[in-house]
K.L.:
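Sharing a structure below in structure tokens format, with a few things to ask.
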Amino acid sequence: MPKITLPDGSVREFAGESVTGMEIAASIGAGLAKAAVAIEVDGKAQDLSMPISHDASIKIATAKDALGLDTLRHTMTAQVLTRAVFDLFPNTQLAIGPTVDNGFYHDVLAPKAISADDLPKIEARMREILAEPNTVVREHWEPAKVEAYFESVGQPFKVELVRDAVARGELVEGKYLSVYIQRGADGSQKYLDLCRGPHVPTFEKLRGLAFTISSLAGAYWRGDSANQQLTRLYGLGFANAKELEAYQHMRAEAEKRDHRKIGPALGLFHLQEEAPGQVFWHPAGWTIYTELTDYLRRKLDAAGYVEVNTPQRVNKVLYQKSGHWDNYRDNAFIVSDDLARPVVNPEEHADKQHVTLGALSKQMDMLDLHMLKPMNCPCHVQIFNQGVRSYRDLPLRMAEFGRCMRNEAKGALHGIMRVTSFTQDDAHIFCTTEQIQPESKLFCDLLKSVYADLGFSDYFVKLSTRPDKRIGDDALWDKAENALADACRNAGLEFQLNPGEGAFYGPKLEFVLRDCIGRDWQCGTLQVDFNMPVRLAAHYTTAEGTREPCVMLHRAILGSLERFIGILIENSEGKFPTWLAPVQALVIPIADGQVAYANEVAAQLRGSGIATATGGVRVEVDASNERMQKKILFGQQRKIPYMLVVGKKEAEEGTVAVRLRDGTDLGAKPLSWLLERVRGEVIGRKDS
RNA sequence: GCCGACAUAGCUCAGCCGGUAGAGCACAUCAUUCGUAAUGAUGGGGUCGUCUGUUCGAAUCAGAUUGUCGGCACCA
């Protein structure tokens, strides 16, 4: 006689040994019974058909809540998508098929490649399958039986999953695995899958899910590139058609904000084939870049940093010492004088234009190889190591807008967000163990203040801990990881743990921003490093006269200038706040007669003394032979904060008609009024 | 790097089954001198990413290659 507590606090008692979620839903109402797709029992998601024999708090889940929607997506991918793929591609092997934010996916290995053209066919077949009056029933089988079944039907990935579950002890009641059997109206078995569930009990309940098979991609079995690559089929799934359309519309809108589109369109930068992964900054984009670095220099100066600049090309010997050579050689650009001027006797090879690769490889060890600087830290240590350092010099905060080059995997490149040549707003804080806490706190506060100034409030923090491949003993790692966690707490930052993802020399905090299509990018970072100073002999003399290696804090606020500007473009949709806008004001003479006055206005704005990194107010005059309306349209498309229309009236009165980029017409204003306003926005880093 | 796809004027795109390229916007010139999101006319501009092949003939077919896009893996 289980007593069931409902979400409103009321308690219902049911006769008999047990009661199912379906029966509870029916006892509440026919509407709920129809809408029910799963049940939460004492906070745990379960099938509606599972008997509940103890007293429990429950919540019936429908398509309207997270669990219900998730269950529908889950059944769709595990019971319907899989069958459609089987029908169209016999002998397909199945891997996993979980739900994701906006739908679901399924990893499959088909005997012949599935192409994008097949997606509509798969979707059509799914709709046919959905029309069948099938039920989905949960059963508990012993692992050996499940394994034998999947062996017999040629599903090796499933066999592996069974063995994993057993090895990890993930068994129901300590001895079973749950399988879901799809049956037709006549009771015949249509399909059997290993799954934790829950699933909806009937296809009827599944038909309300608005779905589409949206795309396909490669994905490695178990996420390991050493494993076989499978085909991942992505689907979108929402509670109703309206939500699906709303999502697709939102995506389409978001794509219009893509920095790869807006950037070139606004004349900020371009990329081209001859320089893959590198940015050609145009004047407008470089203005933003300059404003940002100018701003950061002032912040860093106020925070007690010194700025340095270090070489672009450094002998591999230094990186062998630091450990970067072993860890990252494959992703570095390596150059050598000897390659350009090979060490071969020209007379001996007079018949050859070039040295053969074979001859070259023999010489590799002898070659004087240099890395194009992939990171700044070893160079900063070289500056630190000039002369003898005392505890009185610490903490030493050494900053550099350091240009780094990394030979990233081709498929990883992405607009200006992931490039092979970029500038870090990097700094290394050389300090004592005792200074880790206060310095980390200071940094977190500095970062928060910069992000706030730049209008970013929506970021999250990850604490990445020791990876498998690392240097330094575990005691140091304990210390470093605890230090970072404490610093985070002290600065009032919430963080999520990201196990095993730290750098090879130390754990790191990652400050992550999201772009317009929902991708996450690491921007800021703070890393505690006990290892590099030892390897590169960054010592200081203590008050007691002993020599100790210092601690290095690696830190960046924006991360890569390129990446950050990419995020900035997408977040602002190209409507930069006045202080960053490449062109802050566009003067629009209505007719030729006012061009002279327009130029005069522009000259006054330029010479206004408003302090931007590039001089006065950044202003242009549109003296073209176009109608005013068209000039406004073009100004609007360029997202210029201020358009200053000058006609006969304004020229006579010495005013400008101010139009904002949101369309607001502020009417005729004296120039002094405008200057005050712009000055306020530039100083306050505000938007127009 | 891996899987799938794409690559035609500055931009957006058309060009079916192979017979040596079109539109709109942008740009230039001329006319117009205009009050808050596109005045009109005329004109210039591409050999169809690159290379190789098939063919009497290729933007159109095949192979390779470079770049890009969507994911995966990677990200000091």
Side-chain angles (χ1 to χ4, degrees), chain A residues 105 107 109 113-119 214-234 255 258 260-261 264-265 267 270-277 319 322-325 327-332 373-378 404 406-415 417-418 424 426 467 501-506 508 510 517 519 521-522 525 527 529 532 554 559-560 563 588-595 624-637 643-650 657-661 663-668:
Chain A
Y105 67 77
D107 287 350
L109 181 62
I114 300 176
S115 88
D117 298 338
D118 297 317
L119 299 184
S214 54
S215 61
L216 89 182
Y220 299 103
W221 169 237
R222 296 180 177 292
D224 186 340
S225 59
N227 290 339
Q228 180 146 29
Q229 183 147 36
L230 313 172
T231 302
R232 179 167 294 178
L233 299 162
Y234 279 95
E255 275 163 28
D258 195 316
R260 292 168 297 185
K261 221 169 166 53
H270 86 272
L271 306 167
Q272 72 182 50
E273 196 168 340
E274 290 83 350
Y319 297 106
S322 70
H324 288 101
W325 179 260
N327 278 281
Y328 294 109
R329 177 180 19 179
D330 293 349
N331 290 313
K373 181 170 73 174
M375 86 299 296
N376 305 301
C377 30
C404 297
R406 296 179 184 173
N407 194 1
E408 304 281 12
K410 295 281 179 286
L413 300 180
H414 181 88
M417 304 277 215
R418 188 82 183 268
Q424 289 180 319
D426 200 7
E501 298 294 325
F504 74 90
Y505 50 75
K508 62 177 178 177
E510 298 176 47
I517 38 184
R519 280 189 272 225
W521 299 93
Q522 179 196 311
T525 184
Q527 303 163 14
D529 181 2
M532 200 68 54
H554 305 243
S560 140
R563 174 175 295 178
I588 299 178
I590 291 180
D592 285 354
Q594 291 92 48
V595 170
S624 70
N625 184 19
E626 290 292 348
R627 297 177 63 207
M628 174 200 64
Q629 285 89 333
K630 191 155 188 179
K631 293 181 185 180
I632 288 175
L633 172 67
F634 283 8
Q636 196 75 30
Q637 286 170 344
M643 275 179 262
L644 310 174
V645 178
V646 294
K648 270 195 192 122
K649 194 162 75 89
E650 287 77 11
V658 180
R659 183 191 202 278
L660 304 182
R661 68 184 149 195
T664 311
D665 186 353
L666 296 178

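Lettering of chains follows the sequences in order, A, B, ..., and the numbering in each one begins at 1. Source: prediction; values computed, not measured.
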K.L.:
Say you pick atom P in A62(B) and the same atom in G18(B); how far apart are they, in whole Å?
P.N.:
11 Å
K.L.:
Considering only atom P, compute the distance from G46(B) to U68(B) and round it to an integer number of Å.
P.N.:
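One P to the other, the span is 26 Å.
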K.L.:
NA contact type, Q637(A), heavy-atom cut-off 4.0 Å: base, sugar-phosphate, or nothing?
P.N.:
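Counting heavy atoms under 4.0 Å across all strands, no contact is made by Q637(A).
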K.L.:
On RNA chain B, does the nearest nucleotide to K261(A) precede the nearest nucleotide to R627(A) from the 5' side, or the other way round? Give the residue.
P.N.:
K261(A)
K.L.:
Grab the stems for RNA chain B, please: at least three consecutive Watson-Crick or wobble pairs, both distances below 3.5 Å, written as range with range.
P.N.:
B:1-7 with B:66-72, B:10-13 with B:22-25, B:27-31 with B:39-43, B:49-53 with B:61-65
K.L.:
Determine the interatomic distance between P on C17(B) and the same-named atom on C75(B); round to the nearest Å.
P.N.:
45 Å
K.L.:
Hey, which sits more toward the 5' end of RNA chain B by its nearest nucleotide, A116(A) or L633(A)?
P.N.:
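Taking each residue's closest nucleotide, the earlier one in sequence belongs to A116(A).
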K.L.:
Say we look at G63(B) and C3(B): how far apart would their P atoms be, to the nearest angstrom?
P.N.:
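G63(B) and C3(B) have their P atoms separated by 15 Å.
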K.L.:
Write down the distance separating the C1' atoms in C27(B) and A64(B), rounded off to the nearest Å.
P.N.:
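My reading of the C1' atoms in C27(B) and A64(B) gives 37 Å.
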K.L.:
What is the distance, to the nearest angstrom, from the CG atom on L666(A) to the C1' atom on U36(B)?
P.N.:
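It works out to 12 Å between those atoms.
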K.L.:
Between C34(B), A5(B), A37(B), spot the one nearest the side chain of R659(A), thanks.
P.N.:
A37(B)
K.L.:
Polar pairs (N or O, both sides) under 3.5 Å between protein and nucleotides 44-47 of chain B?
P.N.:
none

K.L.:
When the distance from NZ of K631(A) to C1' of A37(B) is rounded to whole Å, what number comes out?
P.N.:
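Answer to the nearest Å: 15 Å.
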K.L.:
Shortest non-hydrogen contact from A503(A) to Q527(A)?
P.N.:
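Scanning both residues completely, I find the closest heavy atoms to be CB-OE1, 4.3 Å.
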K.L.:
Output yes when a side-chain donor or acceptor of D118(A) lies under 3.5 Å from a complementary backbone atom of S115(A), and no otherwise.
P.N.:
yes
K.L.:
Base contacts versus sugar-phosphate-only contacts with protein, heavy atoms under 4.0 Å: please encode nucleotides 68-76 of chain B as B, S and - from 5' to 3'.
P.N.:
-SBBBBBBB
K.L.:
Any donor and acceptor pair, going by atom type alone, linking the side chain of S214(A) with main-chain N or O of Y234(A) inside 3.5 Å?
P.N.:
yes
K.L.:
Measure the spacing between CG of L216(A) and CG of L230(A) and express it to the nearest 0.5 Å.
P.N.:
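One gets 12.0 Å once the value is rounded to the nearest 0.5 Å.
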K.L.:
Between G57(B) and U66(B), how many Å separate the two P atoms, rounded to a whole number?
P.N.:
29 Å
K.L.:
Quantified in whole Å, what is the P atom distance between nucleotide U47(B) and nucleotide U42(B)?
P.N.:
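Nearest-Å result for U47(B) against U42(B) at atom P: 26 Å.
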K.L.:
Counting heavy atoms from C-beta on, name the nucleotide in C34(B), G35(B), A26(B) closest to the side chain of K630(A).
P.N.:
A26(B)
K.L.:
How many Å lie between CD on Q636(A) and C1' on A37(B), as a whole number?
P.N.:
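So the CD-C1' distance, Q636(A) to A37(B), works out to 6 Å.
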K.L.:
If I take atom CE from residue M628(A) and atom CG from residue L633(A), how far apart are they, to the nearest 0.5 angstrom?
P.N.:
12.0 Å
K.L.:
Within this structure, what is the CD-to-P distance between Q272(A) and U50(B), rounded to whole angstrom?
P.N.:
15 Å
K.L.:
Would you sort out whether D665(A) and R659(A) count as a salt bridge (charged side-chain N to carboxylate O under 4.0 Å, His left out), showing the intermediate values?
P.N.:
CA-CA 5 Å; D665(A) 186 353; R659(A) 183 191 202 278; over 6 Å; no
K.L.:
Figure out the NE2/C1' separation between H270(A) and G67(B), and round it to whole Å.
P.N.:
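For the pair H270(A) NE2 and G67(B) C1', the rounded distance is 13 Å.
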K.L.:
The side chain of A657(A) is closest to which nucleotide in this list: U36(B), G4(B), C34(B)?
P.N.:
U36(B)
K.L.:
Has K631(A) got a side-chain atom pairing as donor or acceptor with V645(A)'s backbone, closer than 3.5 angstrom?
P.N.:
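Absent.
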K.L.:
Just checking D592(A): base, sugar-phosphate only, or nothing, at a heavy-atom cut-off of under 4.0 Å?
P.N.:
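Base, at least one base heavy atom under 4.0 Å.
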K.L.:
Could you tell me which non-hydrogen atom of A657(A) sits nearest to which non-hydrogen atom of E650(A), and how far apart they are?
P.N.:
CB-OE2, 3.5 Å
K.L.:
Measure the distance from CG on D107(A) to C1' on C3(B) and round it to the nearest whole Å.
P.N.:
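Going from CG in D107(A) over to C1' in C3(B) covers 11 Å.
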K.L.:
Which word best sums up how the rings of Y328(A) and F504(A) line up, parallel for under 30°, tilted for 30 to 60°, or perpendicular for over 60°?
P.N.:
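Plane angle between 30° and 60°, so tilted.
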K.L.:
Indicate, with a heavy-atom threshold strictly under 4.0 Å, whether Q629(A) touches base, sugar-phosphate, or nothing.
P.N.:
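Touches sugar-phosphate only.
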K.L.:
Where does the angle between the aromatic ring planes of H554(A) and Y505(A) fall among parallel (under 30°), tilted (30 to 60°) and perpendicular (over 60°)?
P.N.:
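Parallel: the ring planes of H554(A) and Y505(A) meet at under 30°.
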K.L.:
For the pair R222(A) and D224(A), evaluate salt bridge (charged side-chain N to carboxylate O under 4.0 Å, His left out) and give the outcome as yes or no after the intermediate values.
P.N.:
CA-CA 5 Å; R222(A) 296 180 177 292; D224(A) 186 340; over 6 Å; no
K.L.:
Using whole Å, report how far CD of Q594(A) lies from C1' of U36(B).
P.N.:
14 Å
K.L.:
Say we look at A23(B) and A41(B): how far apart would their P atoms be, to the nearest angstrom?
P.N.:
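Pairwise P distance, A23(B) against A41(B), rounds to 15 Å.
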K.L.:
If I take atom CG in residue L109(A) and atom C1' in nucleotide G4(B), what distance separates them, rounded to the nearest angstrom?
P.N.:
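To the nearest whole Å, that distance equals 15 Å.
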K.L.:
Might you point out which heavy atoms bring R406(A) and P374(A) nearest each other, and give the distance in Å?
P.N.:
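The pair with the smallest heavy-atom distance is NE-O, 2.8 Å.
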K.L.:
So, do R563(A) and Q522(A) sit near enough that their side-chain heavy atoms are less than 4.5 Å apart?
P.N.:
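Yes - at least one pair of side-chain heavy atoms lies under 4.5 Å apart.
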